[in-house]
Amino acid sequence: QKIRAAKLVLLNGLGLEKAEFKRAVEQNKIPYAAVSDGVSTLKMTEEHDNHHSDHKGHNHSDLDPHVWHDPLRMFTYAANVANALIKVDPQGKAYYLQRLNTYHGELKNLHIYASQQFNAVPKSKRKVLTGHGAFGYMGKRYDIQFIAPQGLNTEAEPSARAVAAIIRQIRQEGIKAVFVENIKDDRMVKRIAAETGIKVQGKLYSDALSQKGEGKTYLDMYRYNDDTWQEIFVSWNNAPQKQSKIQTLDIPANKDSYQIDITDLVTKERRNDDNIGFYFSSRDKANKKIVSMYSKESTQKPYIIFRYYD
């Protein structure tokens with residue numbers, strides 16, 4: 001019923017959708033477009049092929065369909081969406097092109113943000129374990145090695161040999177970034193984490209958005225994934241050794257809030273153990289007290305903000 005009521009159906013293409021869904025669209029003679037057309041694609045690796053050679057899941061192609069994990073490839077993707085809308089609604093052409101131009105700017109800013117986030121982490125530590133091989137385009141764009149017990153197919157079970165190889169790799173290379181996915185059964189990832197003694201760090205969005213919250217739009221989802229992955233390399237909860245000091249900060253008492261650029265502190269600490277510890281001692285100047293302290297993630301510099309009230 002939803003297909004019959006649609007004026008336009010947008011398909012990702014590249015084998016993401018099951019064949020029967022595309023047939024239903026064609027049989028109902030609904031206009032449709034494959035929005036990945038013209039996008040530069042990656043092929044499945046030989047390792048991925050071996051992990052799921054039965055092709056029971058969403059991928060029936062030798063191409064990786066997860067193009068949305070590269071913001072620059074999404075320029076073409078977004079243009080295809082706009083062109084498809086113009087085709088079924090020619091009167092709205094000016095509006096769709098204006099929105100496309102704005103969105104291209106947002107994608108550019110997203111790429112800049114992601115580049116800054118990932119470039120802050122040494123390449124040797126850009127290694128992440130996830131549930132299935134959905135992040136190949138992100139890995140290619142930002143030089144990150146993603147490891148997954150399953151390939152592109154979300155339904156095929158990984159072999160015992162593949163799981164054992166991943167466990168060995170994690171132990172040998174000291175991989176710490178382990179994440180479950182919002183669409184996946186997390187038991188396999190948790191099993192690997194338990195085997196290697198590593199804590200699961202959180203959840204990443206791979207193949208679907210959320211109805212609300214951090215993954216409700218593509219831009220929100222991508223920034224959330226970037227920030228979630230980045231956070232495990234900078235811990236704000238590690239107390240420094242007693243009496244150890246990196247820097248003493250004089251905080252003016254004549255302001256309601258005060259922002260401190262901590263770029264140098266972050267850089268210095270990252271050269272050591274990747275953990276950043278801060279201890280704060282307040283002297284209650286002018287009868288004011290620190291009532292909150294939090295970090296601010298900026299596209300330029302990291303900050304800590306103190307806020308006061310009388």
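The residues of the chain are indexed from 1 along the displayed sequence.
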Salt bridge (Lys or Arg N to Asp or Glu O under 4.0 Å) contacts touching residues 29-41 (sequence neighbours left out)
none
Establish, from distance only, whether the side-chain atoms of Asn12 and Glu17 form a donor-acceptor pair under 3.5 Å.
no
Would you please name every residue forming a ring-ring contact (aromatic ring centres under 6.0 Å, His included) with Tyr137, sequence neighbours left out?
none
According to ring-ring contact (aromatic ring centres under 6.0 Å, His included), who are the partners of Tyr96, at least two apart in sequence or on a separate chain?
none
Checking Tyr224 now: which residues fulfil side chain to side chain donor-acceptor pair (under 3.5 Å) with it, not counting sequence neighbours?
none
Please list all pairs passing the salt bridge (Lys or Arg N to Asp or Glu O under 4.0 Å) test where one or both residues lie in residues 71-95, with sequence neighbours left out.
Asp70-Arg73
For Arg187, give me all partners under salt bridge (charged side-chain N to carboxylate O under 4.0 Å, His left out), at least two apart in sequence or on another chain.
Asp185
Tyr32: which residues meet the ring-ring contact (aromatic ring centres under 6.0 Å, His included) condition with it, sequence neighbours left out?
none
Residues forming a salt bridge (charged side-chain N to carboxylate O under 4.0 Å, His left out) with Glu195, sequence neighbours excluded:
none
Is there side-chain contact between Ile192 and Ile170, with at least one heavy-atom pair below 4.5 Å?
yes
Sequence neighbours left out, what passes side chain to side chain donor-acceptor pair (under 3.5 Å) with Lys190? Give chain and number order.
Asp186
Take atom CZ of Arg191 as the centre, draw a 6.0 Å sphere, and report whether it contains more than 12 heavy atoms from other residues, nucleotides or ligands.
no
Restricting to pairs with a member in residues 208-219, which pass salt bridge (Lys or Arg N to Asp or Glu O under 4.0 Å), not counting sequence neighbours?
Lys203-Glu214
Which residue pairs pass the ring pair (Phe, Tyr, Trp, His ring centres under 6.0 Å) test with at least one member in residues 74-95, sequence neighbours excluded?
Phe75-His104
Are His69 and Tyr218 near enough that their ring centres are under 6.0 Å apart?
no
Identify, with sequence neighbours excluded, every residue that meets salt bridge (charged side-chain N to carboxylate O under 4.0 Å, His left out) alongside Asp220.
none
